[in-house]
Every structure is written in structure tokens, then in C-alpha cells.
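Below: one structure, written as C-alpha cells.
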Amino acid sequence: MSTTATGRVASQVIDDDIQAFQALATMTGYDPRDANASIEAVTATFNELQAGEAALVHAQIALDTARDKLAATEQRFHKQILDVKTQVRAQYGEDSNELAALGLKKKSEKKSPTRRPRSSGPAAG
């Protein structure tokens with residue numbers, strides 16, 4: 001079984017770890033046996049953490065910008081297609097093959113509205 005942790009660490013835990021790191025930086029005489037726990041190693045990882053967080057923020061901003069631009073383009077395209085349908089209807093008529101080619105029903109293919117007969121007797125309920 002793997003002992004490597006996966007996934008993100010909770011933000012509150014990271015905040016607590018940063019406070020512990022800042023407290024560690026004030027300690028004099030700290031000399032661990034494990035080189036991975038040295039001030040230098042932890043500082044390097046902390047700097048990498050800050051750079052990673054900054055890169056994530058920049059990527060999120062880029063994603064938001066791209067999403068907004070795409071939404072605006074979709075809206076503009078949709079309005080243009082609605083305008084095209086209006087123009088085709090005006091130019092070729094309500095019963096044209098060109099109108100059908102755009103995915104709209106011809107006037108002759110639409111059902112005529114029919115009146116529903118009144119129900120006789122009291123309403124059930």
C-alpha cells in the first residue's frame with residue numbers, strides 16, 4: 001500500500017502549517033537530524049508553495065477571462081443566427097425550403113389550432 005498522500009490539504013491546515021513555519025523561523029539552535037526538516041528545505045518548499053498558489057490564481061483568472069469571452073461570443077453568434085432566421089423568413093417567405101433548411105418549420109407544416117370541446121357536466125374533484 002502506498003503511503004504517498006494525494007489530494008489537496010485543507011486550507012485551515014495549510015494556514016496552521018504556515019504559522020508553524022513562521023514560528024520555526026524564529027527559533028535559534030534548531031538542528032534536525034532529518035535534512036528534509038531543515039530550515040533551508042522547509043523554506044524552499046514554502047517558496048514553492050507560494051509560487052504554486054500564485055500560478056493557480058493566474059490560471060483561474062485566465063480561465064475566468066476565457067469563459068467570459070466564450071460566453072460573449074456565444075451570445076453574439078446566437079443573436080446573429082436569430083437575425084439570419086428573420087432575414088430568411090422575410091426574403092424567402094414563411095413556407096420556403098430555405099426556412100426549413102435552417103431548422104424551422106414551414107407554415108404549411110404547422111398544425112392548425114383546433115378548439116377543444118367544452119366538457120359537459122360538473123368538474124370532478
Side-chain angles (χ1 to χ4, degrees):
M1 177 180 253
S2 176
T3 59
T4 304
T6 59
R8 303 278 311 266
V9 177
S11 62
Q12 183 58 50
V13 173
I14 291 295
D15 290 342
D16 292 345
D17 290 345
I18 291 171
Q19 286 181 354
F21 168 69
Q22 291 168 344
L24 175 65
T26 66
M27 293 181 189
T28 56
Y30 176 72
D31 187 22
R33 292 184 183 184
D34 183 0
N36 190 45
S38 70
I39 294 276
E40 294 79 16
V42 176
T43 300
T45 304
F46 176 72
N47 292 338
E48 187 179 341
L49 173 69
Q50 286 185 315
E53 287 175 342
L56 182 64
V57 168
H58 290 302
Q60 185 65 48
I61 290 169
L63 176 64
D64 292 344
T65 301
R67 186 181 297 123
D68 291 346
K69 183 178 178 185
L70 177 60
T73 304
E74 287 173 340
Q75 290 292 330
R76 191 174 75 242
F77 179 70
H78 178 64
K79 184 177 180 335
Q80 286 175 324
I81 293 299
L82 291 177
D83 291 344
V84 164
K85 290 176 181 180
T86 301
Q87 292 300 311
V88 168
R89 186 176 285 120
Q91 184 175 348
Y92 295 101
E94 294 279 340
D95 206 31
S96 66
N97 289 334
E98 290 81 3
L99 193 68
L102 295 178
L104 299 173
K105 279 195 173 189
K106 294 180 179 182
K107 188 174 185 178
S108 62
E109 294 175 351
K110 293 181 181 177
K111 276 188 170 181
S112 301
T114 57
R115 199 172 247 209
R116 292 170 44 180
R118 285 188 172 180
S119 61
S120 60

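Side-chain atoms are counted along with the backbone in the values below, which use heavy atoms only and exclude waters and symmetry mates. One-based numbering along the sequence shown.
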Query raised in the report: Which heavy-atom pair separates A41 from A35 by the least distance, and what is that distance?
Result: CB-O, 3.5 Å
Requested in this report: To the nearest 0.5 Å, tell me how far T65 OG1 sits from L70 CG.
Outcome: 12.5 Å
Query raised in the report: Does one hydrophobic cluster hold both I14 and L56, with members joined at side-chain heavy-atom distances below 4.5 Å?
Result: no
Requested in this report: Indicate whether any N or O donor in one side chain lies under 3.5 Å from an N or O acceptor in the other, for Q12 and D16.
Outcome: yes
Query - Pairwise distance OG1(T26) to CZ(F21) - rounded to 0.5 angstrom - result: 11.0 Å
Report task. Could you grab the distance from atom OG1 of T43 to atom CG of L49, nearest 0.5 Å is fine? Result -> 12.0 Å
Query raised in the report: Would you say K105 has more than 12 foreign heavy atoms packed within less than 6.0 Å of its NZ?
Result: no
Query raised in the report: Between CD of Q75 and NE2 of H78, what distance do you get to the nearest 0.5 Å?
Result: 7.0 Å
Report task. Following the transitive rule for hydrophobic clusters with a side-chain heavy-atom cut-off under 4.5 Å over Ile, Leu, Val, Met, Phe, Trp and Tyr, establish whether Y92 and L102 coincide in one cluster. Result -> yes
Query - Shared hydrophobic cluster, L99 / V84 (ILVMFWY, side-chain heavy atoms < 4.5 Å) - result: yes
Query - Cluster overlap I61 with L63, hydrophobic side-chain contacts below 4.5 Å - result: no
Query raised in the report: Roughly how far, to the nearest 0.5 Å, is CD of E109 from CG of D95?
Result: 7.5 Å
Query - ILVMFWY cluster, I18 and V42 together (side-chain gap under 4.5 Å) - result: yes
**Report entry** Any donor-acceptor N or O pair under 3.5 Å, side chains Q60, D64
**Finding:** yes
Query raised in the report: What distance separates T45 OG1 from Q50 CD, expressed to the nearest 0.5 Å?
Result: 12.0 Å
